[in-house]
Structures are given as structure tokens and as C-alpha cells.
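Heads up, the thing below is written out as C-alpha cells.
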Amino acid sequence: MTRVLGFAVGSLSLFWSAGNYAEVRGVELARDYAEDLHGQTAVVVYAPQRLHITAPGACEEPLPAEGSRYRFRYAGLRLLAKVGAKYFLVSDGWTRDRGTVVALADDDLRVELGHGDQARPPGCAGATGPGR
């Protein structure tokens, strides 16, 4: 009986410690991501219809309809994660206090991934940084 109780207490302590470590590590990774947002993968999304992405720092640009499958271009986005057929994006204006995560299914979209700051269209108001 004493061995079983000792094993149970040891196992619970191990799970508790692993949970605490995961929480601390997750917070550290989130802080690192927030501090180096512009070092994350840049994303440009092309869509056949308006997506109404209004996150701070994101920019919507209407494209000419003639001869193009895509009608709107969205810049100023960064890749947070891709899970299955969904992209999870944050905008260049994302902060821990004003955070918006945009979730997009990759159905009927064209997604371009790049590194560093991407050029923004001239019509993007409030753009900052190189090429913006």
C-alpha cells in the first residue's frame, strides 16, 4: 500500500512539474514572438472576394477585376501557425495588448510567404518600415 501511494504521489508531482514547465515555456515563446514580430514569416493573401481583415497594421488593396481571379490583396500579416488547411495570422500592428488573430481556410486563396518586411501598396495608410 505504501509503494502504491508513493508511486501515485510521485506520478502526480511529475505531471504537475511538466505542466508548470510547459506553461512557463509557452509564456517565454509568446514573449519572444511578440518582441521579434517583424522577423516572423511575412504573409500576403490574395482573395477572390473581400475578407474584411481589419487588424491593426493589415492592409487591404482592391485589385483590377479584368483578367484576374483575385480581387483583393492583403499585406501586413505574419504567420503565427498553419494547422491543417487553416492559416493563423497576426498583423504587423499586433501587440499583446491589442492582439487579433486572423484564421483563414486556404480554400480559394493564394497565400505568399516571405521573409522580413514586404513592400506595401502605396494606398496603405499608416504603413511604416522599409518599403512601406
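Note that the numbering runs from 1 along the sequence shown for the chain. Values below: every heavy atom of this structure, side chains too, minus hydrogens, waters and symmetry copies.
Between Leu79 and Val43 the shortest heavy-atom distance is N-CG2, 3.6 Å. Closest approach of Leu109 to Pro48, counting heavy atoms only: CD2-CD, 4.4 Å.
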Task: Ser11 vs Phe7, side-chain contact (heavy atoms from CB on, under 4.5 Å): CA-CA, chis, key distance, verdict - done: CA-CA 6 Å; Ser11 296; Phe7 179 75; 3.6 Å; yes

Open item on the list: Please determine whether side-chain contact (heavy atoms from CB on, under 4.5 Å) holds for the pair Gln40 and Leu80, giving the CA-CA distance in whole Å, both sets of side-chain angles, and the decisive distance to 0.1 Å.
Closed with: CA-CA 8 Å; Gln40 304 302 325; Leu80 180 62; over 6 Å; no

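We find the OH-CD1 distance between Tyr74 and Ile53 to be 6.0 Å, quoted to the nearest 0.5 Å. Atom CZ of Arg73 sits about 7.5 Å away from atom CG of Leu63, to the nearest 0.5 Å. The OG atom of Ser17 sits 10.5 Å away from the CG atom of Leu12 when rounded to the nearest 0.5 Å.
In this structure, Val101 is a member of the same hydrophobic cluster as Val83, with clusters built from ILVMFWY side-chain heavy atoms closer than 4.5 Å.
Contact check on Arg78 versus Asp92 returns a salt bridge, with a Lys/Arg side-chain nitrogen under 4.0 Å from an Asp/Glu carboxylate oxygen. By the 4.0 Å N-to-carboxylate-O rule, Arg110 lies close enough to Glu112 to be salt-bridged with it.
The main-chain N or O of Phe88 is never found under 3.5 Å from a side-chain atom of Lys86 such that the two would form a donor-acceptor pair. Side chain of Ser91 to main chain of Pro56: a donor-acceptor pair is present (N/O by atom type, distance under 3.5 Å, no hydrogens or angles).
Residues Val111 and Val44 have side chains not in contact (no heavy-atom distance under 4.5 Å, counting atoms from C-beta outward). Side-chain contact between Leu77 and Val90: absent, with no pair of heavy atoms (C-beta onward) separated by less than 4.5 Å. Annotation: side chain of Pro62 is in contact with side chain of Phe72 (closest heavy-atom distance under 4.5 Å).
Summarising the local packing, CD of Gln49 is surrounded by more than 12 heavy atoms from other residues, nucleotides or ligands at distances under 6.0 Å.
Sorted by first and then second residue, the salt bridge (charged side-chain N to carboxylate O under 4.0 Å, His left out) pairs involving residues 38-55 (not counting sequence neighbours) are Arg50-Glu60.
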